[in-house]
Amino acid sequence: MPTPVKSVLPVVLLGCGGVGRYLLRHIVSCRPLHANQGVAIRVVGVADSSSLLVAEDVHSTGLDDALLTQLCAAKSAGSPLSSLLGRGHCQLFKNPEARGKVIDAATTLGRTTGLVLVDCSATYDTVSLLKDAVDHGCCVVLANKKPLTGAYEDFQKLVSNFRRIRFESTVGAGLPVIASVTRIIASGDPITRIVGSLSGTLGYVMSELEDGKKFSEVVKTAKSLGYTEPDPRDDLGGMDVARKALILARLLGQQISMESINVCLLRVYILVN
Ligand SMILES: NC(=O)C1=CN([C@@H]2O[C@H](COP(=O)(O)OP(=O)(O)OC[C@H]3O[C@@H](n4cnc5c(N)ncnc54)[C@H](OP(=O)(O)O)[C@@H]3O)[C@@H](O)[C@H]2O)C=CC1
Ligand SMILES: N[C@@H](CC=O)C(=O)O
């Protein structure tokens, strides 16, 4: 007998680049698992830098899986979200109207089923939207590090209701770093030092350079494999690691900002003879 649906989770995804698309494909491929758990994830909207594709009636339906799959294919091929209009029960809103539509959904769904706003963009522009969503009782999930590494007040506001935020992949990608640190803090044990290799890109680049490959080629490959930030200079210049370190420090209770962090730039020396 099928498990009854106990929980419907409406989701709005901000950003459908490499990470956002992976998430959508994962949601679609895990439907049987969710069904066994009595959970239904309903993707009601997907936004990119210029527009928002949203289900016709966010209260009762989401974008269907066929449309989500087409959306991933379209964005992978470089087509805009508008190319999906007419392919399913959806509407398209361009910025800045799109922002208002997300707030409408957060206002109404926050009061009823709840809404999860998932930020897979790489911009500071989502911060005010995320804060508004928190005010409306919604949950936020972040892969984007920027909302947690800007003004300390923003960090504080977003994590103020810790049950309503998840930001695991901001620091360890797929590794449960935040979960581990949070559990240690909750246990009352002190954390005096965190040591780690915080950049997948730098790890990859260094290994490939050791194997004698060309720096420019290695960086291009890292980008094509989706390891780098949208701008790889964020990885090579240490900013991405600094953001991860700042999130960890703030989680440990330090009220510091980016200016407190010493970043050493990666220097590549070419040895002649
Ligand atoms: N790559 C990785 O292994 C990991 C990445 N992350 C983080 O995930 C995030 C996404 O990375 P990635 O997918 O590689 O980046 P991409 O550049 O591939 O995708 C970014 C997406 O965000 C969209 N976007 C830009 N501005 C806005 C906005 N104002 N509102 C809504 N969407 C917007 C872009 O729109 P458009 O398509 O129009 O350009 C694009 O779809 C980054 O913050 C990164 O740090 C976290 C863990 C691991
Ligand atoms: N660019 C990052 C990806 C995730 O945060 C990295 O290289 O580790």
Side-chain angles (χ1 to χ4, degrees), residues 11-26 45-54 68 71-84 92-103 105-106 117-133 140-150 166-178 196-208 218-219 221-248 266:
V11 167
V12 170
L13 173 65
L14 306 174
C16 44
V19 174
R21 291 197 297 271
Y22 197 95
L23 174 67
L24 289 178
R25 290 192 189 106
H26 192 63
V46 178
D48 64 9
S49 60
S50 58
S51 41
L52 167 78
L53 195 75
V54 68
L68 292 176
L71 185 157
C72 290
K75 286 297 296 183
S76 296
S79 306
L81 287 177
S82 56
S83 66
L84 294 147
L92 187 95
F93 298 96
K94 289 268 178 202
N95 284 339
E97 203 189 355
R99 186 187 187 284
K101 290 291 160 193
V102 177
I103 293 294
L117 212 53
V118 182
D119 187 351
C120 288
S121 74
T123 170
Y124 287 103
D125 296 349
T126 55
V127 180
S128 67
L129 197 53
L130 295 169
K131 289 196 293 180
D132 284 351
V140 293
V141 174
L142 312 172
N144 182 8
K145 304 160 191 90
K146 290 182 179 164
L148 298 176
T149 54
R166 292 289 184 277
F167 49 100
E168 194 60 71
S169 58
T170 56
V171 173
L175 294 176
V177 176
I178 301 294
S197 170
L198 293 186
S199 169
T201 300
L202 290 178
Y204 174 81
V205 168
M206 293 309 156
S207 303
E208 295 294 275
V218 172
V219 173
T221 310
K223 183 158 173 58
S224 70
L225 290 171
Y227 299 162
T228 68
E229 293 305 294
D231 183 345
R233 287 172 299 184
D234 274 9
D235 300 283
L236 302 174
M239 263 323 278
D240 181 69
V241 170
R243 289 192 184 111
K244 290 170 176 168
L246 182 58
I247 292 171
L248 287 172
L266 170 69

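From a predicted model like this one, the values you see are computed outputs, not experimental measurements. Just so you know, ligand 1 is whichever comes first in the structure, and atom 1 is the first atom listed for that ligand.
- Between K223 and P232, the shortest heavy-atom distance links the atoms CD-CG, 3.7 Å.
- Looking at Y204 and L225, their side chains come closer than 4.5 Å, going by heavy atoms from C-beta outward.
- Proximity of a side-chain donor or acceptor of D119 to a complementary backbone N or O of L13 within less than 3.5 Å is not detected.
- Checked by atom type and distance alone, the side chain of E168 pairs as donor or acceptor with a backbone atom of I178 at under 3.5 Å.
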Between ligand 1 and the protein, which N/O pairs are shorter than 3.5 Å?
residue, atom, partner, partner atom, Å
ligand 1, 1 (N), G226, O, 2.7
ligand 1, 13 (O), G18, N, 3.1
ligand 1, 13 (O), V19, N, 2.8
ligand 1, 18 (O), G18, N, 3.0
ligand 1, 32 (N), G15, N, 3.4
ligand 1, 32 (N), D48, O, 3.4
ligand 1, 35 (O), S49, N, 3.1
ligand 1, 37 (O), K75, NZ, 2.8
ligand 1, 38 (O), S49, N, 3.2
ligand 1, 38 (O), S49, OG, 2.6
ligand 1, 41 (O), C16, N, 3.0
ligand 1, 41 (O), G17, N, 3.1
ligand 1, 43 (O), S121, O, 2.8
ligand 1, 45 (O), K145, NZ, 2.7
ligand 1, 45 (O), E229, OE1, 2.5
ligand 1, 45 (O), E229, OE2, 3.0

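- With values rounded to the nearest 0.5 angstrom, D240 atom CG is found 5.5 Å from S199 atom OG.
- Although no hydrogens or angles enter the test, the distance criterion places no donor-acceptor pair under 3.5 Å between the side chain of D48 and the main chain of P80.
- Side-chain atoms of T149 come within 3.5 Å of backbone atoms of K145 as a donor-acceptor pair (strictly under, hydrogens ignored).
- Without hydrogens or angle criteria, T170 side chain to A143 main chain gives no donor-acceptor distance under 3.5 Å.
- Under a 3.5 Å cut-off, the side chain of D235 and the backbone N or O of E229 do form a donor-acceptor pair.
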Protein N/O near ligand 2 N/O, under 3.5 Å, which pairs?
residue, atom, partner, partner atom, Å
ligand 2, 1 (N), Y227, O, 2.9
ligand 2, 1 (N), E229, OE2, 2.8
ligand 2, 1 (N), D235, OD1, 2.7
ligand 2, 5 (O), K145, NZ, 2.8
ligand 2, 5 (O), K244, NZ, 3.3
ligand 2, 7 (O), G200, N, 3.4
ligand 2, 7 (O), T201, N, 2.8
ligand 2, 7 (O), T201, OG1, 2.6
ligand 2, 7 (O), Y227, O, 3.2
ligand 2, 7 (O), D235, OD1, 3.4
ligand 2, 8 (O), G200, N, 2.8
ligand 2, 8 (O), K244, NZ, 2.8

